[in-house]
**Student:** 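Pasting a structure below so you can have a look.
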Amino acid sequence: MKTVVTHEFEDANLAFVRDIFVFVCFTALSFIDVKNLTTDNIVDINGDKWIISKRHKTNIPFQVKLMDVPLQIIDRYKHLQEDKLVFGKMNYWSMCKKLKTVMTACGIEKSISYHCRRHSFATLAFSKGMPIESVSRVLGHTNIVTTQIYAKNTSQKLNADLTMLGDKLNASFKSIK
């Protein structure tokens, strides 16, 4: 993903497609939720910007704190805002077609969609220790079993979890002696 984030495009349309792709990586929103995102959905909570809305697909409420990268992307495309739409009007199929061009330009041969960025968000969140309940809420799932599909234990996460367990067990047994 690093090459996608850092690749420079002369074509502003391709840069926009890349930036929406990165936005999805950081927010776990579906394409339709990004497309329908309005300025009214972005609220200030204790000095931080959050997206508060309902998933288009399920009508389930969700909230996502906007980190620096998504905030920069929103700011970069303020000039496109129309009818309160944060990124203006977008067409799914033209964005998907251009996404293939973006991936090819970045040397990525794998077929990638906007939806698989939700998987990336979840996998990254789990690998960094985010609890499944929080990931489930960000993804807007009604059933944690749905979120568990994303919770593939990477060897890195498994190693960290077992090391933490070992450290706690060692500390417990040291206090018994």
**Student:** Is there side-chain contact between Phe26 and Val69, with at least one heavy-atom pair below 4.5 Å?
**Tutor:** yes

**Student:** Would you compute the distance between atom CG of Leu71 and atom CG of Leu66 and round it to the nearest 0.5 angstrom?
**Tutor:** 5.0 Å

**Student:** May I ask you to decide if Leu85's main-chain N or O and Asp83's side chain share a donor-acceptor pair within less than 3.5 Å?
**Tutor:** no

**Student:** Side-chain contact test, heavy atoms from C-beta onward, threshold under 4.5 Å: evaluate it for Thr147 versus Arg137 and give yes or no.
**Tutor:** no

**Student:** Do Ile60 and Val64 belong together in a cluster built from hydrophobic side chains that touch within less than 4.5 Å?
**Tutor:** no

**Student:** Does any pair with a residue in residues 27-37 pass salt bridge (charged side-chain N to carboxylate O under 4.0 Å, His left out), and if so which ones, sequence neighbours excluded?
**Tutor:** Asp33-Arg55

**Student:** Before giving the answer on side chain to side chain contact (heavy atoms under 4.5 Å, CB included), spell out for Phe121 and Val24 the whole-Å C-alpha distance, their side-chain angles and the decisive distance to 0.1 Å.
**Tutor:** CA-CA 8 Å; Phe121 172 89; Val24 171; over 6 Å; no

**Student:** Tell me the closest heavy-atom pair linking Ile132 and Phe126, and the distance in Å.
**Tutor:** CA-CE2, 3.6 Å

**Student:** Could you check Thr38, Asp40, Thr39 and say which one makes a side-chain hydrogen bond (donor to acceptor under 3.5 Å, both in side chains) with Lys84?
**Tutor:** Asp40

**Student:** How would you list, by chain and number, every residue that makes a ring-ring contact (aromatic ring centres under 6.0 Å, His included) with Phe16, sequence neighbours excluded?
**Tutor:** Tyr77

**Student:** When Ile, Leu, Val, Met, Phe, Trp and Tyr are grouped by side-chain heavy atoms lying under 4.5 Å apart, directly or through other members, which residues fall in the same group as Trp50?
**Tutor:** Val43, Ile45, Ile52

**Student:** Supply the atom-to-atom distance Ile20 CD1 to Met95 CE, rounded to the nearest 0.5 angstrom.
**Tutor:** 5.0 Å

**Student:** Are Trp93 and Met103 connected into the same hydrophobic cluster when the rule is that any two of I, L, V, M, F, W, Y join if their side-chain heavy atoms are below 4.5 Å apart?
**Tutor:** yes

**Student:** Quick one: are Lys57 and Ile32 in side-chain contact, heavy atoms under 4.5 Å?
**Tutor:** no

**Student:** From Cys25 SG over to Ile73 CD1, what is the distance, rounded to the nearest 0.5 angstrom?
**Tutor:** 9.0 Å

**Student:** Would you say Val102 ends up clustered with Tyr92 if hydrophobic residues are merged whenever their side chains have heavy atoms under 4.5 Å apart, either directly or through other cluster members?
**Tutor:** yes

**Student:** Could you measure the distance from the CZ atom of Phe31 to the CG atom of Asn91? Nearest 0.5 Å is fine.
**Tutor:** 7.0 Å

**Student:** Among residues two or more places apart or on two chains, list those pairs meeting salt bridge (charged side-chain N to carboxylate O under 4.0 Å, His left out) that have a residue in residues 59-76.
**Tutor:** Asp19-Arg76, Asp48-Lys65, Asp75-Lys78

**Student:** Decide yes or no on side chain to side chain contact (heavy atoms under 4.5 Å, CB included) for Asn36 and His56, but give the supporting numbers first.
**Tutor:** CA-CA 8 Å; Asn36 294 336; His56 176 80; 3.7 Å; yes

**Student:** By the side-chain hydrogen bond (donor to acceptor under 3.5 Å, both in side chains) test, which pairs, at least two apart or in different chains, include something from residues 95-111?
**Tutor:** none

**Student:** With a 4.5 Å cut-off on side-chain heavy atoms, are Leu37 and Phe23 touching?
**Tutor:** yes

**Student:** Check the pair Val17, Phe9 against side chain to side chain contact (heavy atoms under 4.5 Å, CB included), reporting the backbone distance first and the verdict last.
**Tutor:** CA-CA 10 Å; Val17 169; Phe9 290 95; over 6 Å; no

**Student:** Starting at CG of Asn143, measure out to OG1 of Thr58 and round the result to the nearest 0.5 Å.
**Tutor:** 12.0 Å

**Student:** Are Ile112 and Leu124 connected into the same hydrophobic cluster when the rule is that any two of I, L, V, M, F, W, Y join if their side-chain heavy atoms are below 4.5 Å apart?
**Tutor:** no

**Student:** Out of curiosity, does Met130 fall in the hydrophobic cluster containing Met164 (side-chain heavy atoms, cut-off under 4.5 Å, transitive links)?
**Tutor:** no

**Student:** Nearest 0.5 Å, please: how far is CD in Glu8 from CG in Leu14?
**Tutor:** 12.5 Å

**Student:** Would you please name every residue forming a salt bridge (charged side-chain N to carboxylate O under 4.0 Å, His left out) with Glu82, sequence neighbours left out?
**Tutor:** Lys89

**Student:** Any chance you could lay out the side chain to side chain contact (heavy atoms under 4.5 Å, CB included) test for Phe62 and Thr27, step after step, and finish with the verdict?
**Tutor:** CA-CA 11 Å; Phe62 74 94; Thr27 61; over 6 Å; no

**Student:** May I ask you to test the Thr142-Thr146 pair for a side-chain heavy-atom distance under 4.5 Å?
**Tutor:** no

